[in-house]
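All values derive from a computational prediction rather than experimental measurement. Every heavy atom of this structure was used, including side-chain atoms; hydrogens, water molecules and symmetry mates were not.
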Amino acid sequence: MHIVVGLSGGVDSSVVAALYLSRGHKVTCVYLDGGFGSSQDARAVAAGLGAAFEVVDTSDAMRRLVMAPFLDAYAAGQTPNPCIECNPSVKFPSLLAAARRLSADRVATGHYARCAEGALYKGLPGRDQSYMMYRLPRDNLPLLEFPLGAMDKPSVRALARELGLPVAEKKDSMDICFPYEEPQLDWTLLAPDGRELGRHKGILTLGQRRGLGVASAEGRLYVSALDPKRRVATLDGIDSVLSHTFDLRRVHWLIDEPSGTIACAARIRHAGTEARAEVVPRPSECATLTFEDPMFGGAPGQSAVFYEGERVLGGGVIDAVR
RNA sequence: UGGGCUGUAGCCAAGCCGGUAAGGCACCAGACUUUGACUCUGGCAUUGCGCAGGUUCGAGUCCUGCCAGCCCAG
């Protein structure tokens with residue numbers, strides 16, 4: 001089999017490339033160049049493995065489809081999740097296009113998730129990245145492989161050492177992968193009774209408490225409401241940030257679209273807890289998500305992802321928190 | 001220029017009849033994390049407690065004076 005491996009130069013994707021080679025497959029490593037970062041490590045890994053290597057320029061798509069919307073969202077008082085946008089609109093389309101061009105059979109990446117028979121499943125607990133991929137087009141799934149989905153990080157690292165990969169000890173990447181300037185938005189911070197508590201220059205997220213610079217005798221304060229038009233943020237106790245119900249837009253399914261209400265488990269943050277919920281589909285790719293117990297951390301712009309056991313059912317972008 | 005109250009780190013605030021400065025918030029660092037959320041861990045008043053004296057083996061804690069702010073009377 002000829003397989004295209006999305007090679008970032010990190011530990012995970014490097015192990016993936018090595019695995020396919022050791023199984024005797026033909027591997028072409030593709031480094032996506034978003035216009036920042038360096039292809040050096042990836043190139044070195046591919047060279048070390050004796051695999052074909054090429055660089056695909058995705059900088060234009062990154063700017064248009066990921067970075068610009070990211071900043072727009074913050075300006076609109078939302079909390080964007082660029083990784084969720086990048087996967088279906090830049091990363092996987094670019095890798096699949098490369099595979100088509102090279103007449104390769106499949107595409108593999110180092111994501112901690114699993115793919116089988118056209119369905120997407122979680123990776124192992126504690127290392128699951130399926131949340132970031134719920135928005136992939138359903139017809140992409142049969143072409144994708146995530147060989148690390150059944151592994152944990154220590155094993156992957158151990159394997160990298162065994163294979164003698166030069167990046168075996170490289171630190172995990174986290175945080176947003178592209179550079180940007182934080183928009184200097186002028187927020188006025190108010191108490192629930194309308195008292196002015198302070199000002200804040202920059203971006204704010206619903207549920208945020210650090211960086212506000214406001215001391216309160218009552219305890220910790222969280223951003224409980226954002227009014228992007230007036231640039232006013234209301235600060236309140238943690239109870240004010242808990243909610244059961246979320247309105248979703250841009251709902252995307254990885255199963256046949258349900259005709260009515262479905263019960264499932266759902267998550268509203270990548271590293272958030274999964275909890276029992278109910279999804280009521282609405283017209284125009286909308287839905288209402290209601291949890292049995294109140295959830296913390298929901299913010300417009302973030303995604304809610306639905307699960308049934310290990311399987312990812314779909315998800316949507318949070319439009320409003322109720 | 002009558003009476004009462006208060007003055008402890010950036011903010012709020014414990015410190016009882018003196019014994020060698022709680023706690024919370026904020027802030028900083030780290031952990032966690034393919035979203036800058038949340039969470040967790042650690043640090044955070046170096047003889048210092050409005051100022052100046054006094055009593056005492058020892059004072060934030062008692063005494064005197066002063067300064068500042070607040071309240072009630074005027």
Side-chain angles (χ1 to χ4, degrees), chain A residues 6 8-13 32 34 36-37 62 66-67 69-74 77-88 90-92 109-113 123 125-136 146 148 153 156 170-185 189 191 195 197-226 233 235-243 267-273 275 294-305 315 317-318 321:
Chain A
S8 67
V11 184
D12 297 332
S13 56
L32 301 180
F36 38 84
M62 271 306 281
V66 178
M67 295 159 72
F70 170 80
L71 294 175
D72 290 347
Y74 268 126
Q78 304 231 326
T79 305
N81 190 330
C83 296
I84 280 184
E85 300 303 329
C86 173
N87 282 331
V90 178
K91 186 173 286 179
F92 285 94
T109 70
H111 287 95
Y112 289 84
R127 197 73 209 176
D128 169 37
Q129 295 173 331
S130 62
Y131 174 88
M132 300 298 184
M133 299 202 284
Y134 83 92
R135 195 160 268 293
L136 289 178
F146 307 119
L148 304 188
K153 191 73 189 194
V156 172
K170 190 167 165 182
K171 193 171 168 346
D172 284 4
S173 68
M174 34 183 88
D175 300 339
I176 293 176
C177 73
F178 54 86
Y180 63 94
E181 269 186 46
E182 178 172 333
Q184 294 300 299
L185 310 175
L189 308 176
R195 236 170 49 246
L197 296 175
R199 306 203 149 248
H200 182 270
K201 254 198 186 322
I203 54 184
L204 290 175
T205 295
L206 214 54
Q208 173 176 341
R209 72 162 252 265
R210 300 184 111 125
L212 301 174
V214 176
S216 157
E218 284 81 55
R220 299 174 169 177
L221 291 177
Y222 300 79
V223 175
S224 73
L226 288 174
L235 272 36
D236 204 348
I238 189 161
D239 290 347
S240 69
V241 196
L242 296 171
S243 52
R267 230 181 250 177
I268 51 177
R269 301 286 309 200
H270 164 56
T273 35
M295 296 287 276
F296 176 91
Q302 293 287 295
S303 279
V305 178
V317 176
I318 297 174
V321 179

Side chain to side chain, A:N81 and A:M132, heavy atoms closer than 4.5 Å: yes

Distance, C1' atom - from B:rC27 to B:rG10, rounded to whole angstrom: 8 Å

Student check: side-chain heavy atoms of A:I84 and A:Y131 closer than 4.5 Å: yes

Residue met sooner reading RNA chain B from 5', once A:Y222 and A:D172 are mapped to nucleotides: A:D172

Watson-Crick and G-U pairing of RNA chain B written in dot-bracket, each distance under 3.5 angstrom, with | for inter-strand partners: .((((((..(((......[...))).(((((.......)))))......(((((..]....)))))))))))..

Spacing of the P atoms in B:rC38 and B:rG60 (rounded, Å): 39 Å

Rounded distance in Å between the P positions of B:rG54 and B:rC49: 15 Å

Gap in Å between the two C1' atoms, one belonging to B:rU47 and one to B:rC66, rounded: 24 Å

Between B:rU46 and B:rU55 - C1' atom distance, rounded Å: 28 Å

Sugar-phosphate only, base, or nothing, as touched by A:G301 at under 4.0 Å among non-hydrogen atoms: nothing

Atom-pair distance (OH on A:Y112; P on B:rC32), nearest Å: 14 Å

Protein-nucleotide distance (A:K171, atom NZ; B:rA31, atom C1'), rounded to Å: 10 Å

Nucleotide nearest A:C83 when distance is taken to its side chain, options B:rA37, B:rU35, B:rC25: B:rU35

Between B:rA9 and B:rA73 - C1' atom distance, rounded Å: 36 Å

Sugar-phosphate only, base, or nothing, as touched by A:Q302 at under 4.0 Å among non-hydrogen atoms: base

Spacing of A:D12 atom CG relative to B:rU33 atom P, expressed in whole Å: 12 Å

Side-chain heavy atoms of A:E85 within contact of A:F70, under 4.5 Å: no

Between B:rU35 (C1') and A:R135 (CZ): distance, integer Å: 15 Å

B:rC12 to B:rA26 separation - P atoms, rounded to the nearest Å: 15 Å

A:R220, nearest nucleotide to its side chain (from B:rU39, B:rC38, B:rA37): B:rU39

Heavy-atom donor-acceptor pair, A:K153 side chain to A:G126 backbone, under 3.5 Å: no

Residue A:N81, side-chain atoms from C-beta onward, closest of B:rA37, B:rU35, B:rG10: B:rU35

Min side-chain heavy-atom separation A:S13-A:T109 under 4.5 Å: no

Gap in Å between the two C1' atoms, one belonging to B:rG24 and one to B:rA13, rounded: 8 Å

Nearest-angstrom distance from the residue atom CD1 of A:I238 to C1' of B:rU39: 9 Å

Minimum-distance nucleotide to A:F296 side chain [options: B:rC11, B:rC38, B:rU33]: B:rC38

Beyond-backbone contact of A:L221 with A:L197, side-chain heavy atoms, under 4.5 angstrom: yes

Comparing A:V214 and A:P80 on RNA chain B - which has the more 5′ nearest nucleotide: A:V214

Touch class at under 4.0 angstrom, heavy-atom based, for A:G297 against every strand present: nothing

Phosphate contact (B:rA37 OP1 or OP2) by A:R269 side-chain N/O below 4.0 Å: no

Whole-Å distance separating the OH atom of A:Y131 from the P atom of B:rC38: 15 Å

Phosphate-side-chain proximity, A:R210 and B:rC25, N/O vs OP1/OP2 below 4.0 Å: no

Options B:rC25, B:rU35, B:rA37, nucleotide nearest the side-chain atoms of A:M132: B:rU35

Heavy-atom side-chain proximity of A:L32 to A:V90 below 4.5 angstrom: no

Salt bridge (charged side-chain N to carboxylate O under 4.0 Å, His left out): pairs with one or both residues in residues 125-136 of chain A, sequence neighbours excluded: A:R127-A:D172, A:D128-A:R267

Polar side-chain atom of A:Q208 near backbone of A:R210 as donor-acceptor pair, under 3.5 Å: yes

Sugar-phosphate only, base, or nothing, as touched by A:I203 at under 4.0 Å among non-hydrogen atoms: base

Gap between atoms CZ and P, on A:R267 and B:rA37 respectively (whole Å): 18 Å

A:R209 CZ - B:rC27 C1' separation (whole Å): 11 Å

Touch class at under 4.0 angstrom, heavy-atom based, for A:F178 against every strand present: nothing

